[in-house]
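Please read the structure below before turning to the comments.
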Amino acid sequence: MKKLSFALATILFLNACKSPDNKTLPIYGNRQAVEKTVNGQTVTDTIYQTIPAFKFINQYDDSISNKNVDGKIYVADFFFTTCPSICPIMQRNMLNVYNAFKTSNDVKILSYTIDPKHDSVPVLKRYAEKLGISGNMWWFLQGKKDNTYQLAEKSYLVAVNQDTTVAGGYVHQGYFVLIDKKSRIRGSYDGTNTDQVNQLIADIKTLQTEPDSTK
């Protein structure tokens, strides 16, 4: 398994240190201070790292891009259907997220396969059906391997790698990454840990009530 990136390690540390009474979630990732003029006064604004444009195919053979989640809260993770280790635990825990928000119009789940050669659209559809997933709340996405890996590591801050020496042929971190309506990272949670997944559910509810989340 790859070592955690410094940025992701920082996210996990800060998540662990969050006060349960703090109703405002932090914003993670790179940030840049930019000066601008407002009413004749120079003020400093902060530009936060966001998830860049992407385009994949889901289990229904529909094209899914960043535009499909514009103005939405969503959770992203990385998996492969033949994973013999952490994926079954992750997907079982993600079902709790799905069941908590499957009737909400402002919440999505995006699960990106890191083995697109095997995980074709029919394979992803069968996988979703086996989990009992229907509708368009939870999408299982397939795309070019290089694009998926770059998006995982550079944008979602999740390490993924092909490794023929391990069972299944791939290694990946099992984090559920919470993205807000402005495409910013608001948290990262161990998808194999029930307590952290419960915190994720609570944090999604916090984002749903965040007053400036759609501004």
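Being a predicted model, the structure only gives us computed values, none of them experimental. Keep in mind that the numbers below use all heavy atoms, side chains included, and drop hydrogens, waters and symmetry copies. Throughout, numbering of the chain's residues begins at 1 and tracks the sequence.
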Provide the closest heavy-atom pair for [X] versus [Y] in the form atom of the first, atom of the second, distance.
| X | Y | result |
| --- | --- | --- |
| N66 | P52 | CB-O, 4.2 Å |
| Q173 | I86 | C-CD1, 4.4 Å |
| Q49 | G29 | OE1-CA, 3.5 Å |
| V121 | Y60 | CG1-C, 4.4 Å |
| R184 | I27 | NH1-CD1, 3.4 Å |
| S104 | Q208 | OG-NE2, 3.8 Å |

Just verifying a value: how many Å separate [X] [atom1] and [Y] [atom2], rounded to the nearest 0.5 Å?
| X | Y | atom1 | atom2 | result |
| --- | --- | --- | --- | --- |
| L200 | N96 | CG | CG | 10.0 Å |
| L207 | L178 | CG | CG | 5.0 Å |
| S111 | L124 | OG | CG | 9.5 Å |
| K144 | Q150 | NZ | CD | 12.5 Å |
| Q196 | S188 | CD | OG | 8.5 Å |
| D70 | K181 | CG | NZ | 12.5 Å |

Under a single-linkage definition using a 4.5 Å side-chain heavy-atom cutoff for Ile, Leu, Val, Met, Phe, Trp and Tyr, are [X] and [Y] assigned to the same hydrophobic cluster?
| X | Y | value |
| --- | --- | --- |
| L95 | I109 | yes |
| V123 | I64 | no |
| V75 | L131 | yes |

Candidate list I57, N58, N68, test side-chain contact (heavy atoms from CB on, under 4.5 Å), partner S63, passing option: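 Passing option: I57.
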
Passing candidate, side-chain contact (heavy atoms from CB on, under 4.5 Å) with Y127, options I133, D119, T81, T82: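 Filter result, single survivor: T81.
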
Determine whether [X] and [Y] make a side-chain contact, defined as any pair of heavy atoms from C-beta on separated by less than 4.5 Å.
| X | Y | answer |
| --- | --- | --- |
| F101 | K205 | yes |
| Y189 | I201 | no |
| Y149 | I114 | yes |
| M137 | V107 | yes |
| C83 | M90 | no |
| I185 | S155 | no |
| N136 | K108 | yes |
| Y74 | I51 | yes |

Take atom [atom1] in [X]; do more than 12 heavy atoms of anything else shown fall under 6.0 Å from it?
| X | atom1 | value |
| --- | --- | --- |
| K125 | NZ | no |
| D146 | CG | no |
| E129 | CD | yes |

Hey, is the main chain of [Y] close enough, under 3.5 Å, to the side chain of [X] for a donor-acceptor pair?
| X | Y | result |
| --- | --- | --- |
| K72 | N105 | yes |
| N93 | G191 | yes |
| T206 | A202 | yes |
| T113 | D115 | yes |

Pair Q199-D203, side-chain donor/acceptor within less than 3.5 Å: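 Per modelled atom types, Q199 and D203 side chains form a pair under 3.5 Å.
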
T192 and D190: side chain donor to acceptor below 3.5 Å: yes

is_close_aromatic(Y156, Y175), centroid dist under 6.0 Å: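 Centroid distance Y156-Y175: not below 6.0 Å, so no.
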
Chi angles and distances behind the side chain to side chain contact (heavy atoms under 4.5 Å, CB included) call for F56, L151: CA-CA 11 Å; F56 290 80; L151 191 65; 3.9 Å; yes

Stepwise salt bridge (charged side-chain N to carboxylate O under 4.0 Å, His left out) test for E210 and R186: CA-CA 12 Å; E210 193 171 73; R186 303 301 293 271; 2.8 Å; yes

Verdict with reasoning, L110 to F54, per side chain to side chain contact (heavy atoms under 4.5 Å, CB included): CA-CA 12 Å; L110 308 185; F54 60 82; 3.9 Å; yes

Test applied, ring pair (Phe, Tyr, Trp, His ring centres under 6.0 Å); reference residue, F140; option that passes from F79, F80, Y98: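 Exactly one option meets the ring pair (Phe, Tyr, Trp, His ring centres under 6.0 Å) with F140, and it is F79.
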
Working for side chain to side chain contact (heavy atoms under 4.5 Å, CB included), residues W139 and D62: CA-CA 10 Å; W139 289 322; D62 296 327; over 6 Å; no

